[in-house]
Amino acid sequence: MRWSRTFIPTLKETPSDAEVASHRLMLRAGMLRKLSSGIYCHLPLGQRVIQKVERIVREELARIGAEELLLPVLHPAELWQETRRWDIYGPELMRLTDRHDRQFALGPTHEEVITDVVRGEVRSYRQLPLNLYQIQTKFRDEIRPRFGVLRSREFIMKDAYSFHADEASLGEAYDAYREAYSRIFARCGLDFRAVLADSGAIGGAVSEEFMVLASSGESEVLSCCSCGYAATSEKAAAGALASANAGAGGAQAGAVGEASGQRDGQRDLRRVDTPGKTSAAEVAEFLGVPVARTLKTLVYVADGTPVFVMVRGDREVNEAKLFGHLQAATVRLATPEEIRSETGGPLGFSGPVGLPGMPRILADPNLRGARGSVVGANAADAHLTGMDLERDVPQAEFVDLLQVAAGDPCPRCGASLESSRGIEVGQIFKLGDKYSKAMGATFLDESGAQRTLIMGCYGIGITRTVAAAIEQHHDERGIRWPPAIAPMQVEVVPLAARDPAPMRVGEELYEGLMERGWEVLLDDRDERPGVKFADADLIGIPFRLVVGERGLKNGMVELRADAGRGDAETLPVDGAVATLDARLRQAMGRA
RNA sequence: CGGGGUGUAGCGCAGCCCGGUAGCGCACCUGAAUGGGGUUCAGGUGGUCGCAGGUUCAAAUCCUGUCACCCCGACCA
C-alpha cells in the first residue's frame, strides 16, 4: 500500500468531541469518521484492523468446531413478540415499519432469529449439539452513545449460539467458548480477565464477561486479590457486612447484633419528627445516629404490583439483582403519586412499618437481625426509630439486592474487594431453555420423548475490541498496535530529498517485503521527515524501516520495532528484507 | 426524558451583547527555498453563518420555531 494512493486522512488537531484515547486516536489516525450520533464509518485502516480481529475470531472458533452463518439485520416483530422481548427490550430496540405497515426491528442480538432457524430444522438429538456463529452489524438505539466505538449504536459483533440436548453438553460448549475467548483476546494483545456477570436482558443462569482492564471502561469490576473472585458490579456478591446495630459499638459488632440484642430488642418503635429530611444521610445526621443504622425503603413497581425494597441507609440497591429476582417484564421505581397511594406518605419518608395491605417486602440479608433501626414513617416529615425488622416487619423476604462496593468482604474468602474499571469485550451465557421454550424449539430424545433445546450464547464486540486494544496500546504520540491486529506489519519511510536514492531503495524494500507476504505501507508522499515520522507514530504500524540519505551513504537502513518507539537498529540494505522477514515471523508467531 | 451547551470553510475557533458587504490558525492548491521529528516565504481556492419563518432600509448578529450534535443527569426516598 502506497500512502499517496490510499485513504489515510490523519488529523493533526484533535476533534473536540473525542473524550477517550481510542476515539481520539481512531479519528486522528484516519481509521474512523462519524456519520451520525453513535454511527461510524470505518476507513481503510480501521477496516483492516477489524478484519484482523475477525480473522483471529474465525480461526479460534473453527478450532472449537463452530460454524459460520449469516443472519438478517431486519427482524419481523412477530419473532420478538414470541419471546415478549418486543415489549421487554425497551427503546434500545430500533423499530421500523415497512411500506405494508409491517413492523420490524433492527437486530440488537439474534437469539430469536437463530432459534427460529433451528426449530425449523432440528428434529432429533442426533442433530445435536449445534454450534453456529456470525459476524455481523448490530444495532442498539443507545440512550447516550459516547466514547466513539466503545459505546456506539451501530457496531460489529460476533455472536454465537449453541444448541444442546442436555446441560452437560451445554457445559462443554460453554467451557470451550471460555477457552476460545481467552485465546482470542490474548492473541489480540489484550490484558483481560473473565469475571462473573449478570445475564441481564439476554437471560440465563450462568454468565461471564471478558473485561479489558482500562480506566476508560464503563463497567465496574469487583475483585478479590486474595482468592481471585471477580465479578461485575451488577453481579458481585459480598460476605456479611459488619453490623451497625444500636449500642453495639457501631461497626464493631461482629455477631450481627446478637450481643446487643437483649437491650435493643426491647426498644419500642418511636415516631420522631424529621422535617424535610428525606435522604438517609440527612436523617442520620439530624438524629445523630450512624447512617448505617437508617434503613432505606424503596418502592418499585413490578408489572403493576408494588414491591418494597430495603437496604442499609448508607448502601444502594442493585437493580440488576432486583430485576433478576423479580423476573417481571417491567420493573421501575414508583412515581411520587404511587408512593403516596401505596404508603400514605410522600416520597422520602417511606418505611416498611404499617403499610396498608400486605405488600411484598424484600430486604437485604445484611438487615437480618437489625434492631434499633431508623425507617421512614410513611408520613411527611417523620421517621420511626427503634425498629426491629424481624419483629416489626415479619413478612420481609431476605434477598441479596446489595450493590457491592470496594472494601466489602469477598463472598468466598472474606478479604476486602477491590474495584476497577473494564471494557466489556465479550460475554458468554448459559441460556438454558429461555428462548427455545418460548419459541417451541424442541427435539426428540433417544426415547422418543419431545424435549426443549438447551441453549448457550456467546458474543464478542469486534469494534469494541479494536477500541479496547487502542486503550491499552497507545502513548501521547499515537497508537502502538499489537502486531497480530495491526493494520499492516511494516511501514517503509523513505526520507525523500532531492536525492532520489532513498525513495528508490524504499521501493525495493517495499516490493521485497510484499513478495514475502507481508502487508507493507510505503510512505511515498513528498513530505518532510517530521510529517512522516509524526504520522507513522500516530498510525502505529509495528515495524518501521527508515531509508534516508544519511544511512544510505554507508549502505544502511534503520529499523525500529514497537511502532517506531524502539531503539534504532541499523541494517545493511542488502540483508534488510531477510532480516526483517525473520523478525516479523517471530513477532507474528509464524514459524 | 430533564438540565446545560454548541451549530460560522475539511478541522479548531473568533465575530453575535452593541444589526451595516464574514475573519483567524491548521489543512488544501500554485510557485520558490528547505530536506532525519509536524520547516519557511509568497500567492491562491473554499462559507446559502444548521434549517424555516419573523422584525428591520439592512440579520451570522435581534425574536419565534425547528433540526442536529456534544456534555451532565435520569429518580437510591
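Side-chain atoms are counted along with the backbone in the values below, which use heavy atoms only and exclude waters and symmetry mates. Every chain is numbered from 1, with letters handed out A, B, ... down the list of sequences.
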Nearest whole Å is fine: how far is [N] [atom2] from [X] [atom1]?
X        : N     : atom1 : atom2 : result
A:Leu333 : B:A74 : CG    : P     : 12 Å
A:His23  : B:C11 : NE2   : C1'   : 14 Å
A:Asp523 : B:G38 : CG    : C1'   : 13 Å

What about [X]: does its side chain form a donor-acceptor pair under 3.5 Å with the base of [N]?
X        : N     : answer
A:Glu558 : B:G36 : yes
A:Asp535 : B:G37 : no
A:Arg528 : B:U34 : yes

Spacing of A:Glu527 atom CD and A:Trp3 atom CH2 [to the nearest 0.5 Å]:
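So the gap between those two atoms works out to 9.5 Å.
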
By the 4.0 Å heavy-atom rule, please label A:Lys532 as base, sugar-phosphate, or nothing.
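A:Lys532: no heavy atom of the nucleic acid under 4.0 Å.
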
Along RNA chain B (nearest heavy atom to each residue), the more 5'-positioned of A:Glu13 and A:Ser37
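Whichever sits nearer the 5' end wins; that is A:Glu13.
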
By nearest nucleotide on RNA chain B, pick out whichever of A:Thr14 and A:Ile339 is the more 5' one.
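With A:Thr14 and A:Ile339 compared, the 5'-side residue is A:Thr14.
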
Report yes if a side-chain nitrogen or oxygen of A:Arg498 is closer than 4.0 Å to either non-bridging phosphate oxygen (OP1 or OP2) of B:U34; otherwise report no.
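So the side-chain polar atoms of A:Arg498 do come within 4.0 Å of the phosphate oxygens OP1 or OP2 of B:U34, strictly under.
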
Within 45° of the axis and under 6.0 Å from the centre of the six-membered ring of A:Trp86, does NZ or CZ of A:Arg95 qualify?
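Ring-cation test returns yes.
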
